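Worksheet: one structure, shown below.
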Number of protein chains: 2
Amino acid sequence: MGQERTPVTHRAVEQVKAMIAQGEVGPGQRLPTERDLAVRLGVSRSSMREAIRALTTLGVLESRHGAGVYVTALRPSDLLETFSVLAEVSQGETLLEVLQVRRMLEPAATALAAARATPADLERVGDLLGRIDGGQDTLGTDTVSADLGFHQAIVASTGNATLAAVNEGLSSRTFNARVWAGHKEAGLAAKLREDHERIHEALTARDPDAARAAATVHVMRVERWLTAEGRAG
Amino acid sequence: MGQERTPVTHRAVEQVKAMIAQGEVGPGQRLPTERDLAVRLGVSRSSMREAIRALTTLGVLESRHGAGVYVTALRPSDLLETFSVLAEVSQGETLLEVLQVRRMLEPAATALAAARATPADLERVGDLLGRIDGGQDTLGTDTVSADLGFHQAIVASTGNATLAAVNEGLSSRTFNARVWAGHKEAGLAAKLREDHERIHEALTARDPDAARAAATVHVMRVERWLTAEGRAG
DNA sequence: GGGTTCATATTGGTCCGATCACTTTCGCAT
DNA sequence: ATGCGAAAGTGATCGGACCAATATGAACCC
């Protein structure tokens, strides 16, 4: 009679989730031993480990060898860590879609940052801006890292951790590296610098509208480059 | 001497990822059996299973009991399935942050939908709109489902699957249920209906600006309600 | 010959017990 | 009291066994 047949591991996952939802264990706290949990939930240790592995992958739990299993802080950045897989794996069509989403988020986020950023935030953004063009001929990982950091610092300045985590998930290191390489070839690195400086100026001027416009131009430039590039993976 | 010590399971995960990245196995294709994979990667079957569990959780692999392990289609919806955990677990501050992100995405998405939606899309959106107010006193799961479906149908009309997946991840069924209950109490269900109708009208009129404005009003109404509510979990 | 049925092989799911590796704790000697 | 080393605690890995769901193919009936 229509009785559901749920895998043991899945049940274990749900029960651990329930333990957290009901406050039995809070963020940062330690769970019982794998062995104890297995007994308590009535499953084998192997299955319990797979359940823990799943929750670890989701960013809900964290295993420390020799120490124990802990609940993460459950911050957005913890839960959205898996998110980056999308940007990593995506190619062609999906990559364009990702950029389209960023074109919706970054302008709004940059505008918000212009209004909310603290002086410390602005200083950090300025530092990273300088580092992007620092070793301009080397094109080591420094340039790419600084570029990623620049945008992430801006989004972080909004004070919205969820927004920052989502945006970070949409930004792929490997993709950014390709863009920089491409711009280097096309000699458009200067254009990128202009974009960045314009964004930075808008932020320091605390001008949300200008910030929004500058961010839009920047994302669209990258988007256009990708379409022209042949959108290969 | 600084030699890295990476867990066996982690290595297995990376190697399977590499197999996919190098095109050895493509989307929808079947992988070797767990036992074969374990031998090939030089790990025990237990560890291999944990690696597969991790990739399954990420939405990269899919295990079919008795059949085998398959690579998913790797669509954005596959990879972002885990995303919903955020909206499920979030409370208080984070819930506000989530709504703030939606306030950036939905207006832009709705505007885009106004320009791109096919007649079939619009019909579907209209159907769901009718179903929201259908059983207006019952407030069963139907109303909540229709509400969620209404917004998802709109976002899906943009033709951007990534955008749809991200937005869906930011929409929590349980949260929506709370909002509806709350509005019922406050007698503001009528306001919600107004919002929805305004959005629908803008879409059928293919008016991006009106659509953007209507969506903004709607999200902000929910956001304001949450702030007034006391933001408890 | 075509279709159905059922035994069998294949394959993922679960369980058990043992051992290794890392961390923490505690007792002992200084 | 302090530092150090042994021991206990705990996750990580391994190997094998058996169960459950699916796929395969042979036998059978019409």
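Side chains are part of it too, since the values below use all heavy atoms of this structure and drop only hydrogens, waters and symmetry mates. Residue numbering restarts at 1 for every chain, and letters A, B, ... go by the order of the sequence lines. Since the model is a prediction, treat every value here as computed from it, not as a measurement.
Nearest heavy-atom pair across Ala215(A) and Thr110(A) is CB-OG1, 3.5 Å.
Within a heavy-atom distance below 4.0 Å of DNA chain D, the residues of residues 47-59 of chain B found are Ser47(B).
Scanning for salt bridge (Lys or Arg N to Asp or Glu O under 4.0 Å) contacts around Glu123(B) gives an empty result, with sequence neighbours left out. For Ser84(A), the side-chain contact (heavy atoms from CB on, under 4.5 Å) partners are Glu88(A), not counting sequence neighbours. Checked against salt bridge (Lys or Arg N to Asp or Glu O under 4.0 Å), Glu223(B) has the following partners two or more places apart in sequence or in another chain: Arg103(B). For Thr82(B), the side-chain contact (heavy atoms from CB on, under 4.5 Å) partners two or more places apart in sequence, or in a different chain, are Leu58(A), Thr82(A). Taking the side-chain contact (heavy atoms from CB on, under 4.5 Å) definition, one finds that Ser77(B) meets it with Arg75(B), sequence neighbours left out.
Sorted by first then second residue, the ring-ring contact (aromatic ring centres under 6.0 Å, His included) pairs that include residues 82-103 of chain A, not counting sequence neighbours, are Phe83(A)-Phe83(B). Evaluation of the side chain to side chain donor-acceptor pair (under 3.5 Å) test over residues 8-20 of chain A, restricted to residues two or more places apart or in two chains, returns none.
If one axis is set at each end of the helix from dG1(C)-dC30(D) to dT30(C)-dA1(D) from five pairs, those axes are 10° apart, to 10°.
When DNA chain C is scanned 5' to 3' for any atom under 4.0 Å from a heavy atom of chain B, the first and last hits are dT10(C) to dC22(C). With a heavy-atom cut-off of 4.0 Å to chain A, the contacted part of DNA chain D has its first and last nucleotide at dG9(D) to dA21(D).
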Side-chain atoms of residues 154-163 of chain A: list all donor-acceptor pairs with protein atoms under 3.5 Å, sequence neighbours left out, distances to 0.1 Å.
unit_1    : atom_1 : unit_2    : atom_2 : d
Ser157(A) : OG     : Ala153(A) : O      : 2.8
Thr158(A) : OG1    : Val155(A) : O      : 2.6
Thr158(A) : OG1    : Asn160(A) : N      : 3.2
Asn160(A) : OD1    : Thr162(A) : N      : 3.0
Asn160(A) : OD1    : Leu163(A) : N      : 2.9
Asn160(A) : ND2    : Glu97(B)  : O      : 3.3
Asn160(A) : ND2    : Gln100(B) : OE1    : 2.8
Thr162(A) : OG1    : Glu97(B)  : OE1    : 2.7

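At the heavy-atom level, Ser46(B) lies under 4.0 Å from base atoms of the strands shown. Contacts of Arg11(A) with the nucleic acid, taken as non-hydrogen atoms under 4.0 Å apart, are absent.
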